[in-house]
Amino acid sequence: RPTHPVLVIKNEGKMKTTFMTWGFISPWTKDLFDKKRARPFNARSETLEEKKLFSGSWKYKRCLIPASGFLEKKYLIRKKNYETFWLGGIWSKWTSPDGAEIESCCILTTEPNDLIKPLHHRMPVVVPNGYEEKWTERVKDSNELKDLVPIMKGWSPEGWLSEKINEKQTDQMSLF
């Protein structure tokens, strides 16, 4: 669930696995405990470059969040073969005045495909296998980011299914 730690793969010169807080913390936040400050757990892929909060992370701090499913209005969306997949995300590092650091992330969303459309008006960006390094590598300029746009346009519902679940029986994160 948002605010909980999630496993994340990032690239800081080499691929690295770490845990981050799910809920994007702005690097310029003064008071980490200010309840009025939103900590977005999702970000619209179409507007990343124009949002001050996300534009730096979009250029330099993209990440992968492994999942075997996600919840949408009492439905578990997963691959039919139960394979793990990559959710595309961005991350941030917040540093306190005394030097303590907290890394946080959020999941990118896009227009829904035919499987998700009846359940929600957005769906997570799923990064296809084989694009892990391209997704996480640092870029020199925003022109290089254009290669990632087709990945964020959506994914085919073929090979996926939605299963109705009873959320009260589930004590799992909303990313399985």
Side-chain angles (χ1 to χ4, degrees), residues 2-29 32 38-70 77-79 81-96 99-113 116 122-160 173-176:
T3 73
H4 290 189
V6 291
L7 183 65
V8 172
I9 297 171
K10 64 181 182 170
N11 187 343
E12 291 182 306
K14 65 177 185 170
M15 297 293 261
K16 182 179 175 183
T17 305
T18 188
F19 282 95
M20 293 185 186
T21 300
W22 184 17
F24 199 84
I25 301 170
S26 163
W28 55 84
T29 294
L32 191 61
R39 289 194 190 162
F41 54 91
N42 292 332
R44 288 178 165 264
S45 60
E46 301 89 346
T47 58
L48 287 169
E49 284 190 274
E50 58 196 61
K51 302 283 184 183
K52 181 181 176 190
L53 179 61
F54 301 129
S55 62
S57 291
W58 169 237
K59 288 178 188 162
Y60 306 112
K61 295 181 177 174
R62 290 174 310 285
C63 61
L64 298 165
I65 300 150
S68 58
F70 61 92
I77 297 22
R78 66 170 176 82
K79 287 190 168 186
N81 62 8
Y82 294 95
E83 274 185 6
T84 301
F85 52 92
W86 303 112
L87 297 174
I90 56 175
W91 65 279
S92 177
K93 186 183 293 187
W94 176 82
T95 306
S96 73
E101 296 178 338
I102 297 175
E103 292 180 333
S104 62
C105 64
C106 67
I107 294 168
L108 303 184
T109 64
T110 190
E111 296 291 321
N113 61 24
I116 308 301
R122 304 290 294 168
M123 69 179 189
V125 168
V126 173
V127 177
N129 288 335
Y131 286 86
E132 296 86 353
E133 283 195 44
K134 185 165 197 63
W135 182 264
T136 59
E137 71 188 0
R138 294 188 79 157
V139 298
K140 296 174 203 72
D141 59 50
S142 52
N143 285 334
E144 291 182 40
L145 291 171
K146 291 180 181 163
D147 292 343
L148 300 178
V149 171
I151 293 171
M152 297 189 304
K153 292 290 186 191
W155 38 274
S156 169
E158 189 174 317
W160 292 75
M173 296 181 351
S174 51
L175 300 174
F176 281 71

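From a predicted model like this one, the values you see are computed outputs, not experimental measurements.
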What is the distance from atom [atom1] of [X] to atom [atom2] of [Y], rounded to the nearest 0.5 Å?
| X | Y | atom1 | atom2 | value |
| --- | --- | --- | --- | --- |
| I116 | T110 | CD1 | OG1 | 11.5 Å |
| I90 | C106 | CD1 | SG | 4.0 Å |
| T18 | E12 | OG1 | CD | 8.5 Å |
| K93 | E103 | NZ | CD | 5.0 Å |

Next on the checklist: Does anything in residues 52-61 form a side-chain hydrogen bond (donor to acceptor under 3.5 Å, both in side chains)? List the pairs, not counting sequence neighbours.
Outcome noted: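 Checked against side-chain hydrogen bond (donor to acceptor under 3.5 Å, both in side chains) - neighbours excluded - no pair reaches residues 52-61.
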
[X]: which residues meet the side-chain hydrogen bond (donor to acceptor under 3.5 Å, both in side chains) condition with it, sequence neighbours left out?
| X | value |
| --- | --- |
| T47 | none |
| E83 | N81 |
| S26 | W28 |
| E144 | none |

Under a 4.5 Å cut-off applied to non-hydrogen side-chain atoms, are [X] and [Y] in contact?
| X | Y | value |
| --- | --- | --- |
| M152 | L108 | yes |
| L48 | R62 | no |
| I9 | C63 | no |
| L53 | S92 | no |
| I107 | F41 | no |

Checklist entry - Donor-acceptor pair, S96 side chain versus A100 backbone, under 3.5 Å? => result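 Checking the backbone N and O of A100 against the side chain of S96, a donor-acceptor pair under 3.5 Å is found.
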
Test side-chain contact (heavy atoms from CB on, under 4.5 Å) applied to [X] - qualifying residues, sequence neighbours left out:
| X | result |
| --- | --- |
| T3 | none |
| F85 | A67, F70, K79, L87, V126, W160 |
| E132 | M15, L64, W86, N129 |
| T109 | N42, R44, R122 |

Item to check | Atom CD of E50: over 12 foreign heavy atoms under 6.0 Å | outcome: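 Counting neighbours around CD of E50, more than 12 heavy atoms of other residues, nucleotides or ligands fall under 6.0 Å, so yes.
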
Checklist entry - side chain to side chain contact (heavy atoms under 4.5 Å, CB included) between W22 and R39: does it pass, once the steps are laid out? => result CA-CA 9 Å; W22 184 17; R39 289 194 190 162; over 6 Å; no

Checklist entry - Which pairs count as salt bridge (Lys or Arg N to Asp or Glu O under 4.0 Å) when at least one residue sits in residues 145-160, sequence neighbours excluded? => result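 Qualifying pairs, neighbours excluded: K134-D147.
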
Item to check | Taking every non-hydrogen atom, the tightest pair across W155 and I77 | outcome: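 In this case the closest contact between W155 and I77 is CH2-CG2, 4.3 Å.
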
Next on the checklist: I'd like to know whether E111 forms a side chain to side chain contact (heavy atoms under 4.5 Å, CB included) with M123, so could you lay out the CA-CA distance, the side-chain angles of the two residues, the decisive distance to 0.1 Å, and finally the verdict.
Outcome noted: CA-CA 6 Å; E111 296 291 321; M123 69 179 189; over 6 Å; no

Item to check | Residues in salt bridge (charged side-chain N to carboxylate O under 4.0 Å, His left out) contact with E137, at least two apart in sequence or another chain | outcome: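 Once residues adjacent in sequence are excluded, E137 has no partner under the salt bridge (charged side-chain N to carboxylate O under 4.0 Å, His left out) criterion.
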
Checklist entry - Taking only residues two or more places apart in sequence, or in another chain, which ones meet R78 in a salt bridge (charged side-chain N to carboxylate O under 4.0 Å, His left out)? => result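 Per chain and number, R78 pairs via salt bridge (charged side-chain N to carboxylate O under 4.0 Å, His left out) with E163.
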
Next on the checklist: Test side chain to side chain contact (heavy atoms under 4.5 Å, CB included) on I65 and L7; report intermediate values, then the result.
Outcome noted: CA-CA 6 Å; I65 300 150; L7 183 65; over 6 Å; no

Next on the checklist: The test is side chain to side chain contact (heavy atoms under 4.5 Å, CB included); show your working for C105 and V6 and say whether it passes.
Outcome noted: CA-CA 9 Å; C105 64; V6 291; 3.6 Å; yes

